[in-house]
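For reference, the structure is listed below as structure tokens.
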Amino acid sequence: MSRKRRIVGVDLIKVLACFSVIMLHVSMPFFYSDGAFKVGNTIVLSKTVYYLGTSAVPLFFMANGFFLVNRAKMSINYVLNKIGLIMIPILGWNLIVFIPKIILKKNENGYFETVLGSLIQKGFFFQFWFLGALIIMLFLVPILNKIMKSSIKLYVIVLIIFLIISWLIDLYNHFSGAIPLQKNVIQTFRVWTWISYYMSGGLIGNLIKKINFIDFKKQLNYFSVVLTVLTIIYSIYNAAWISNPFAEYNYDNILIFIWIVTIFLTCISTTKFSKHSTKIIESISKYSFGIYIVHVIALKIFEKVFVFDGIFINLITIVGVFLISWLITFVISKTPYVNKLVVF
């Protein structure tokens with residue numbers, strides 16, 4: 001497998017993850033709000049669209065692990081530089097929201113309190129919790145990188161330990177009758193989950209040098225379809241089982257894990273891209289970081305225009321939010337000085 005094709009495959013993963021995040025954040029209000037399920041003929045379709053987006057965050061972590069765990073040179077300076085690049089949009093976007101509140105005297109918290117809040121899923125940019133979790137993973141990357149270089153067997157053992165922890169937590173959620181254990185931990189700090197996916201991406205990045213996944217493309221395509229159907233069915237019924245519909249509580253499930261890994265492998269085994277599709281994939285992938293950040297702004301715009309009711313509006317909103325987010329990110333990326341707000 002050539003380096004170019006392999007990178008396009010990972011770019012495709014980032015595109016899929018980016019679009020899936022929007023599916024998650026857009027679809028939820030169509031079937032669940034104010035702590036209760038809505039009633040309607042299209043509710044199942046909206047649930048299906050929502051749970052199709054479950055792979056979003058895990059795929060982002062896997063894509064990062066794919067490259068960084070296998071990086072030839074990994075230093076603390078590299079890590080600190082990466083963290084610095086992530087902090088620029090975190091500080092910048094929070095400042096953009098904070099200044100008008102100061103002017104209008106509607107600020108309830110200080111600036112740095114607002115920044116910290118966004119990293120633990122609070123405030124306008126609640127989605128920055130992912131960036132907080134990514135920063136934690138970056139601090140761990142040198143350790144994972146060193147383990148990978150010293151012993152692949154030890155790396156696999158460590159990965160299996162974290163997977164077992166994740167799966168045991170999921171089993172507890174199903175048979176304890178209590179609220180999901182993860183609910184007691186803010187997403188930023190669910191390290192056992194993120195390490196599992198991050199290390200899995202790193203392992204695939206190592207194995208791709210030895211295994212030609214293209215040879216298994218047909219099987220991967222088949223299993224992707226089958227597992228997607230099973231995942232949707234499981235997720236819909238599981239929401240009632242654990243009395244919680246949020247996709248974030250499915251990340252630790254073994255079926256969901258296998259499904260997401262299969263999607264990842266399917267994408268990197270896809271090699272036949274036209275020049276036009278390659279350009280589109282690379283463009284969206286390049287701006288995926290910015291799209292992830294600004295899609296909340298685009299969603300706020302749509303919330304003012306549409307009443308969240310019906311599968312048609314659901315799909316229109318997903319596509320609209322995605323396109324507007326892409327356009328905003330593109331414009332900002334071409335603007336001097338502020339382009340660091342969207343390009344990582």
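Because only heavy atoms are used, hydrogens play no part in the values below, and waters and symmetry mates are left out as well, while side chains stay in.
Classification of the Tyr50-Phe31 ring pair by plane angle, with boundaries at 30° and 60°, yields perpendicular. Relative ring orientation between Phe257 and Tyr197 is described as tilted, the plane-to-plane angle lying within the 30° to 60° band. Taking the six-membered ring where tryptophan is involved, the planes of Phe60 and Tyr292 are perpendicular, since the angle between them exceeds 60° and thus also 30°.
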Set out, in order, the CA-CA distance, both residues' side-chain angles and the distance that settles side chain to side chain contact (heavy atoms under 4.5 Å, CB included) for Ile293 and Phe128, then state yes or no. CA-CA 8 Å; Ile293 291 174; Phe128 281 4; 3.9 Å; yes

Which is it for Tyr234 and Asn253 under the side chain to side chain donor-acceptor pair (under 3.5 Å) test, yes or no, and what are the steps along the way? CA-CA 10 Å; Tyr234 164 79; Asn253 179 265; 2.9 Å; yes

Given Tyr78 and Val141, is the side chain to side chain contact (heavy atoms under 4.5 Å, CB included) satisfied, shown in steps? CA-CA 10 Å; Tyr78 175 85; Val141 162; over 6 Å; no

Start with the C-alpha gap between Leu59 and Cys267, add the side-chain angles, then the distance that decides, and say whether side chain to side chain contact (heavy atoms under 4.5 Å, CB included) holds. CA-CA 11 Å; Leu59 284 177; Cys267 288; over 6 Å; no

Worked verdict on Leu299 versus Thr317 for side chain to side chain contact (heavy atoms under 4.5 Å, CB included): CA-CA 8 Å; Leu299 180 54; Thr317 304; 4.3 Å; yes

Any chance you could lay out the side chain to side chain donor-acceptor pair (under 3.5 Å) test for Asn314 and Ser46, step after step, and finish with the verdict? CA-CA 7 Å; Asn314 189 344; Ser46 291; 3.2 Å; yes

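At a threshold of 4.5 Å between non-hydrogen side-chain atoms, the residues Phe66 and Ile13 do not count as touching. A 4.5 Å side-chain heavy-atom check between Leu140 and Tyr198 finds every atom pair outside the cut-off. Ile204 is listed as a side-chain neighbour of Phe264, based on a closest heavy-atom distance under 4.5 Å. Using a 4.5 Å cut-off on side-chain heavy atoms (C-beta onward), His174 and Asn238 make contact. Within the 4.5 Å cutoff, no side-chain heavy atoms of Phe30 are placed close to those of Ile311. No side-chain heavy atom of Met87 sits under 4.5 Å from any side-chain heavy atom of Leu131. Between Asn173 and Gln182 the shortest side-chain heavy-atom distance falls below 4.5 Å. Side-chain contact between Ile157 and Tyr155: absent, with no pair of heavy atoms (C-beta onward) separated by less than 4.5 Å.
Applying the side-chain hydrogen bond (donor to acceptor under 3.5 Å, both in side chains) test to residues at least two apart or on different chains, the pairs with a partner in residues 128-146 are Asn145-Lys149. Every pair passing salt bridge (charged side-chain N to carboxylate O under 4.0 Å, His left out) that includes a residue from residues 170-199 is listed here, sequence neighbours excluded: Arg190-Glu248.
Distance CG/Leu203 to CE/Met62: 9.0 Å, rounded to 0.5 Å. A distance of 12.5 Å separates CD1 of Ile164 from CD1 of Ile169, quoted to the nearest 0.5 Å. Note that CZ of Phe139 is 9.0 Å distant from CD1 of Ile136, once rounded to the nearest 0.5 Å. Separating the CG atom in Leu144 from the CG atom in Leu138 is a distance of 10.5 Å, to the nearest 0.5 Å. Thr48 OG1 to Ile43 CD1: the interatomic distance, rounded to the nearest 0.5 Å, is 11.0 Å. Between atom CE of residue Met28 and atom CE of residue Met23 there is a gap of 13.0 Å, rounded to the nearest 0.5 Å.
Using a distance-only test at 3.5 Å, with no hydrogens or angles considered, a donor-acceptor pair links the side chain of Thr335 to the main chain of Val331. With Asp11 contributing its side chain and Ser285 its backbone, the two residues share no donor-acceptor pair below 3.5 Å. With hydrogens and angles disregarded, a donor-acceptor distance shorter than 3.5 Å links the side chain of Thr188 to the backbone of Leu119. Between the side chain of Asn244 and the main chain of Ile179, no donor-acceptor pair closer than 3.5 Å is present.
Taking all atoms of both residues into account, the shortest heavy-atom contact from Ile291 to Ser325 is CG2-CB, 3.8 Å. Val69 and Gly202 get closest at one heavy-atom pair: CB-CA, 3.9 Å. Val342 and Ser333 make their closest contact through CG2-N, 3.8 Å (heavy atoms, listed as atom of the first residue, atom of the second, distance). Annotation for Tyr51 and Trp259: closest pair O-CH2, 4.0 Å, computed over non-hydrogen atoms. Between Leu52 and Ser20, the shortest heavy-atom distance links the atoms O-OG, 4.2 Å. Of all heavy-atom pairs between Thr262 and Leu220, the closest is CG2-O, 3.9 Å.
Under a cut-off of 6.0 angstrom, the local environment of CZ in Phe223 is sparse, with at most 12 non-hydrogen atoms contributed by other residues, nucleotides or ligands. Heavy atoms of other residues, nucleotides or ligands lying less than 6.0 angstrom from NZ of Lys217 number more than 12.
Separation of the Phe302 and His295 ring centroids does not fall under the 6.0 Å cut-off.
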Donor-acceptor pairs under 3.5 angstrom involving side-chain atoms of residues 88-100: please list them, not counting sequence neighbours.
unit_1, atom_1, unit_2, atom_2, d
Trp93, NE1, Leu341, O, 3.0
Asn94, ND2, Ile90, O, 2.8
Asn94, ND2, Ser118, OG, 3.2

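For the residue pair Trp192 and Asp252, a side-chain donor N or O sits within less than 3.5 Å of a side-chain acceptor on the partner. Side-chain contact check for Thr266 and Ser224: at least one donor-acceptor pair (N or O, by modelled atom type) lies under 3.5 Å.
For the ring pair (Phe, Tyr, Trp, His ring centres under 6.0 Å) with Phe61, the lone residue among Phe67, Trp194, Tyr251 that qualifies is Trp194.
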